[in-house]
Amino acid sequence: GADHSLVVMKNGELFSFGKGFCGATGLGHERDVLEPHRVGGFEGFHVLEAAGGSAHSLVMARDQSGFVQVLSFGSGHDGQLGHGDWRSKGYRLSQPKQVKGLNGQGVVQISCGEYHTAALASNGQVFTWGKSVNGQLGHSEDSSKKATTSPTLVTALQGEQIARIACGGAHTVALAANGDVWQWGDPISGQLG
């Protein structure tokens, strides 16, 4: 992340350290921590992957039944946590919470941008959410909305078999199985090539 780090251990545990602003470390508080601490809330899970944004975090973990779940914590001020209307539920989470909008999607990869988030499903579909004013979500209504608060399918990629995704600060890139590269978002520094 911008000011925090997440470490996935071989045994499936998650550790974090760094700036705890908005609960980005997932340790149940907003204090800075200088040494790795185990993140609670993953009992019964095997953490597979973690990603950090500016002040939010996303974790992909397998539960005891073998199902993959996605959990998030930290700042949701721009909807990047994916839990729906953040204003009515609070926009800071200092502990992991399941992103229910991804249940049953078969998520195989996650990525965080500065204020947006993406997930790749096993069928090659891409879901994005969070801050949308720079087009980094890839949704046609990006310019008219400030944020998308729940995982939303990137419909422009339907029919493509996406194999990998990556979020930059305010842009997103997808690699298709055929080698095509798709990118969208803020081009101000030439990051879209």
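Contact record, Leu6 with Ser16: CD2-CB, 3.7 Å, taken as the closest heavy-atom pair. Heavy atoms only, all atoms of each residue included: Gly135 and Trp184 are closest at O-CD1, 3.1 Å. Among all heavy-atom pairs drawn from Val47 and Ala61, the shortest one is CA-CB, 3.9 Å. Minimum interatomic distance between Asn134 and Ala170 (heavy atoms only, all atoms of both residues): ND2-CB, 3.8 Å. Considering every non-hydrogen atom in both Gln80 and Asp78, the closest pair reads OE1-N, 2.8 Å. Of all the heavy atoms in Gly113 and Cys167, the pair that sits closest is N-CB, 3.3 Å.
Through direct or relayed side-chain contacts under 4.5 Å between Ile, Leu, Val, Met, Phe, Trp and Tyr, Val107 connects to Leu48, Leu58, Met60, Val68, Val70, Val99, Leu102, Ile110, Phe127, Trp129, Leu153. Through side-chain heavy atoms spaced under 4.5 Å, either directly or across other Ile, Leu, Val, Met, Phe, Trp or Tyr residues, Tyr115 is tied to no other residue.
Between the side chain of Gln183 and the backbone N or O of Leu192, at least one donor-acceptor pair lies under 3.5 Å. Not one N or O on the side chain of Thr149 forms a donor-acceptor pair closer than 3.5 Å with the backbone of Ala147. For the pair Glu43 (side chain) and Gly41 (backbone), a donor-acceptor distance under 3.5 Å is present.
Contact of the Val39 side chain with the Leu27 side chain is registered, since non-hydrogen atoms from C-beta on lie closer than 4.5 Å. At a threshold of 4.5 Å between non-hydrogen side-chain atoms, the residues Leu81 and Tyr91 do not count as touching. Ser94 places none of its side-chain heavy atoms less than 4.5 Å from the side chain of Phe73. Counting heavy atoms from C-beta on, the side chains of Ser132 and His139 never come closer than 4.5 Å.
Two different hydrophobic clusters hold Val173 and Trp182 under the rule that ILVMFWY side chains link at heavy-atom gaps under 4.5 Å. A continuous path of ILVMFWY side-chain contacts below 4.5 Å connects Val108 to Ile162, so both sit in one hydrophobic cluster.
Listed by first and then second residue, the side chain to side chain donor-acceptor pair (under 3.5 Å) pairs involving residues 100-113 are Gln98-Asn103 (not counting sequence neighbours). Among pairs with a residue in residues 52-68, those fulfilling side chain to side chain donor-acceptor pair (under 3.5 Å) read His4-Ser57, His56-Thr117, Asp63-Gln69, at least two apart in sequence or across chains. Counting only residues at least two apart or on different chains, the side chain to side chain donor-acceptor pair (under 3.5 Å) pairs with a member in residues 162-176 are His116-Thr172.
Contact check on Glu114 versus Lys131 returns no salt bridge, with no Lys/Arg side-chain nitrogen under 4.0 Å from an Asp/Glu carboxylate oxygen.
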key: CA sep, side-chain torsions, deciding dist, call: Gln191, Asp186, side chain to side chain contact (heavy atoms under 4.5 Å, CB included)   = CA-CA 8 Å; Gln191 59 267 52; Asp186 188 352; 4.2 Å; yes
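In Glu35, the CD atom is not crowded: 12 or fewer heavy atoms of neighbouring residues, nucleotides or ligands sit closer than 6.0 Å.
We find the CG-CD1 distance between Leu175 and Ile165 to be 11.0 Å, quoted to the nearest 0.5 Å.
Checked against Leu137 for a side-chain contact (heavy atoms from CB on, under 4.5 Å), the options Val154, Val126, Thr128 give a single hit: Thr128.
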Compile the donor-acceptor pairs under 3.5 Å between side chains in residues 7-14 and protein atoms, sequence neighbours left out, one pair per line.
unit_1 : atom_1 : unit_2 : atom_2 : d
Asn11  : OD1    : Glu13  : N      : 3.0
Asn11  : ND2    : Glu13  : OE1    : 3.3

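The cationic atom of Arg31 (NZ for Lys, CZ for Arg) does not lie both less than 6.0 Å from the six-membered ring centre of Phe21 and within 45° of the ring axis.
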